[in-house]
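See below for the structure under consideration.
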Amino acid sequence: MNNQTRFNQAPPLPPYYVERPEVSEQLKQILLSEETAKAGTLVVSAIYGLGGIGKSTLAAALAHDSEVQSHFTDGIFWATLGQQPDSLSVLSSWIQQLGDYDFKAINIDSASLQLRTLLSDKKALLVVDDVWHPDHVEPFRVAGDGCRVLVTTREAQVKDAIPYDLDVMTPNQSLELLTAFFNNDLTNQELEYAENLAKTVGYLPLALELAAAQVMDGLSWQDLLGELEDLIVGVEALDRLKAEEEPSDAKRKNYSLVASFNLSLKGLFEDDRLKNFAWLGILPEDVIITESMATTLWDCNLVEAKDTLRYLRQKALLLPGVSTTPETNYRLHDLLHDLARRLVQSELGLSIPSAHQQLLERYQTKTEKGLWHTLPDDGYIYNYLTWHLEKAKKINEIHQLLKEETPAGDNGWYWQCERQGNTANFIKDVSRAWAIAAANFTENPTESISLQCRYALITTSLNSLAGNIPPKLMAVLVEKEIWTPAQALVYLRQRKDSEGQAEGLKVIIEYLPPSLLPEALDVARGIGYEYDRYRALVALAPHLPDVLLPKALDCARGISDQKYRAYALLALAPHLSNVLHQALDWATGISYEYSRAYALVALAPHLPDVLLPKALDCAREIRNEKYRAYALLALAPHLTDVLLNQALDCARGISDQKYRADALLALAPHLPDVLNQALDCARGISYEYSRADALVALAPHLPEELLPKALDCARGISDQKYRADALVALAPHLPDVLPEALDCARGISDQKYRAHALVALAPHLPDVLPEALDCATGILHQYFLVLALVVKEDPHLPDLLLQQALDWARGISHEQYRTFALKALAPHLPQELLHQALDCARGISDKKYRAHALQNLMKNLTPSSVDFPLWQQTLDSLASLTRPHFFEALPELAPLIIKFGGVEALRETVAAVDDVSWWWK
């Protein structure tokens, strides 16, 4: 399998990454070892507790290693915790990544338990980066036997884990990093300086990059080394004032790192960019810093923000970002984040809460009327607004944020998150607000309980919201570009029912761009009920690119039900030519013979000639003669002459005359001489229904010389109905037989069968149609009146007779049968009769049958055939339904909405769906 198809949250490797094989290979062996499998957790800690030693980079290198990726087939999850981790958000995002969008965690314990359940049968690597306290990693140690947890920490002692102490880079590796930084363009003298620099900063990767950036910025090697040595002496002197003992090697290395920081910051004083750097300290750790958000953070224009970000990157104070968005973005190393945070008070003259408040004030100037949901999207604030509000101690504003409304009455924050296809962010904010409210119980019980109830109601509304949008309507919304494909996928993820998810994927798949196909496949993989998972895979299969097909194949293989697994594999097989042999093996191994026959039917058109003998053998081994005939029927068009004769022998060996006739009939177009044998088989069938059925199937293929023989066979059927069926099938090929068929039909004593035979003859004898309908009026059992009115085989009813048929349908007292009658007539009714049909449907008292009747009539309303009065009547009729049934009719109503009100009217209708779902749970 292509490793790129697997989920991997690991950050990219830095541009000047230097291989450390003596470390990475050993770490990989330990990670994949049996010892680590038993312990479950491998902890990479820094020797002497040093920061900037390259722990995260080595972890990322492991995550990008092909062998590691091949081992952890369910993906690689990454979380950077830091000193104040938002563990709940991380756990929730992992739970959603594993396909569970229904679970709404309000505390870390419940989220951790849910993650344990989801990972129980997975093979995944969980990387927990930058752990400061052992307790912080415990919620993530929930992996099953096939998973591992990889922890990076400076010095946190994680209980019952495999430890690995990481040392600094070797002198050669340090020099390699520096030369790479300068594009391998160093003189011998500069190489000597570089060696001295590496030794001076203790071979720490972060210190090396910071120092090298000073040279790139114009500082000479001599000045750099001199200033660093002076700063190290100064840092050491200050430290020795607090502790009189001789500094350890670890402390000396730390002095060099602090000195590198101070030297980098020293240059910022000259152009007042130190304050800009300090503002970075109020951002969350490991956040993506966009150019747009920097304009607000620093209260400057975009040109100034871009210039400052580039400058800080050149000084190695920022890392390149990991986002795939077109806008350039950056990250901040956690040590530099700590440094920036410590500068907030001294450089900005603000406390941490006050700095957050000032940032929020800058953002609020960008809102409309102070409403947060009107903020322009800068790629940052919508994900972290509640975080900043909490840090600013504006707890009440968090609760107010979740109460904001749009002018249309929607929940403003939900509306904005939904527009971005990121309702998970709204759920995260609700979860956090719920937790805050719960923590406030002691101080204010009344407010705490009321808010908790409020957030419980919001959560249950979200659980049911997706189910209110029928899959067909989703397709209309995406087609009309009212919804983005991403928005439709979000709704599908939130649905609670497997059937709705599978059906939704089926109807929107053709609108999904290639970039969303991996997510669509993830939705399919997360469907719990195997029948619906297989249906989803079948729908996706023709649209998946080659790179995703192996992942889909793994999903199909994971279906435990033999039948559904076979069906899913068969859907994928035509797109995976290299696994057709394997698919045929799976089909052969299916114990349930109907499913084995079905598998052969599905595979038959795609099998290469070399596999056809094996497929025929598989069919011949099916003991059930019905299913054997079914398989032969599918294989026949693809068999070579030699194999056709073998198949003929197999068909002749079927003892049941009907099934033998079916098999021979399948072979007949390829072996014309077999038609006579097939007809003889049909004549020998003792059960008259099956004999008539065989004649009906044979009739279109019989040559002229065999038709008289078939006619004799039909005349020999004593049962009037079956004889009529056979004669009706032969009549188009023997026009002279039409009068005889008509006489036979008229001679059927049972009125319902006589009406059926007359209706079947009507396309060939139009004058018979009134007689057929008159016959139907005499049928006592109303259900059979409905059958007599099924005109899908004959679209020739004149308007006068359609009016008569509609009158008869309206007179049916049994509401279920009246519904069936309206359904049968609906495709044939002209506009002038639709008014009456709608009135008839509306008069059905049973809600279920009324809904079915109206929905079937709706399917036949086209914009060109509906005027405004009929539209009003249609909408009035639909208003008599329950809300779920009204939603089911919306896909058919959508084209009419667009006709009379435009696309914007459909957009507002969808907003109304959300509104009523919000207001009336």
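All of these numbers come straight from a predicted model, not from anything done at the bench.
- Listed by chain and number, the residues in a salt bridge (Lys or Arg N to Asp or Glu O under 4.0 Å) with Lys123 amount to none (sequence neighbours excluded).
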Legend entry - Verdict with supporting geometry, Ile509 and Leu517, side-chain contact (heavy atoms from CB on, under 4.5 Å): CA-CA 8 Å; Ile509 182 62; Leu517 289 174; 3.6 Å; yes
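- Here the OG1-CG distance, from Thr640 to Leu643, works out to 3.5 Å after rounding to the nearest 0.5 Å.
- Between Val507 and Pro471 the shortest heavy-atom distance is CG2-O, 3.1 Å.
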Inset, instruction - Evaluate the criterion side-chain contact (heavy atoms from CB on, under 4.5 Å) for residue pair Asp617 and Thr588; output intermediate values, then yes/no. - result: CA-CA 9 Å; Asp617 286 342; Thr588 304; over 6 Å; no
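- Counting heavy atoms of neighbouring residues, nucleotides and ligands inside a 6.0 Å radius, atom NZ of Lys626 does not exceed 12 of them.
- To the nearest 0.5 Å, the span separating CG on Asp725 from CG on Leu730 amounts to 11.0 Å.
- Looking at Arg565, its side chain does come within 3.5 Å of a backbone N or O of Ile559 through a donor-acceptor pair.
- At least one donor-acceptor pair closer than 3.5 Å links the side chain of Glu593 to the backbone N or O of Arg623.
- In the displayed structure, Glu479 atom CD is contacted under 6.0 Å by more than 12 heavy atoms of other residues, nucleotides or ligands.
- The distance from the CG atom of Leu695 to the CG atom of Leu679 is 7.0 Å, given to the nearest 0.5 Å.
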Inset, instruction - Could you go through the side-chain contact (heavy atoms from CB on, under 4.5 Å) check for Tyr534 and Tyr529 one step at a time? - result: CA-CA 9 Å; Tyr534 118 72; Tyr529 185 40; over 6 Å; no
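- Within 6.0 Å of atom CD in Glu704, 12 or fewer heavy atoms from other residues, nucleotides or ligands are found, so the atom counts as exposed in its surroundings.
- Proximity of a side-chain donor or acceptor of Arg628 to a complementary backbone N or O of Ile622 within less than 3.5 Å is detected.
- For the pair Arg723 (side chain) and Ser718 (backbone), a donor-acceptor distance under 3.5 Å is present.
- Contact record, Ala597 with Tyr627: CB-O, 3.6 Å, taken as the closest heavy-atom pair.
- Heavy atoms only, all atoms of each residue included: Pro485 and Leu512 are closest at CB-CD2, 3.6 Å.
- Taking each heavy atom of Cys650 and Leu632 in turn, the nearest pair found is SG-CD1, 3.7 Å.
- The closest donor-acceptor contact from the side chain of Glu530 to the backbone of Tyr564 lies at 3.5 Å or more, if one exists at all.
- We find the CG-CG distance between Leu711 and Leu702 to be 11.0 Å, quoted to the nearest 0.5 Å.
- Annotation for Ala604 and Leu635: closest pair CB-CD2, 3.8 Å, computed over non-hydrogen atoms.
- Partners of Asp522 according to the salt bridge (Lys or Arg N to Asp or Glu O under 4.0 Å) rule, which considers only residues two or more places apart in sequence or in another chain, are Arg525, Lys551.
- Remark: side-chain polar atoms of Arg691 are not paired, donor with acceptor, to backbone N or O of Gly684 under 3.5 angstrom.
- Leu537 contributes atom CG, which lies 11.0 Å from atom CG of Asp532 (distance to the nearest 0.5 angstrom).
- Closest approach of Leu544 to Ala552, counting heavy atoms only: CD1-CB, 3.7 Å.
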Inset, instruction - Decide yes or no on side-chain contact (heavy atoms from CB on, under 4.5 Å) for Leu633 and Val601, but give the supporting numbers first. - result: CA-CA 8 Å; Leu633 190 148; Val601 170; over 6 Å; no
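- Ion pairing of Glu503 with Arg535 is present here, as a side-chain N (NZ or NE/NH1/NH2) and a carboxylate O approach within less than 4.0 Å.
- The shortest distance between side-chain heavy atoms of Asp693 and Ile685 does not fall below 4.5 Å.
- Note that the NE2 atom of His606 and the CG atom of Leu611 stand 13.0 Å from one another [nearest 0.5 Å].
- In this pair, Tyr687 and Tyr722 present their aromatic rings perpendicular. The plane angle is above 60°, beyond the 30 to 60° band.
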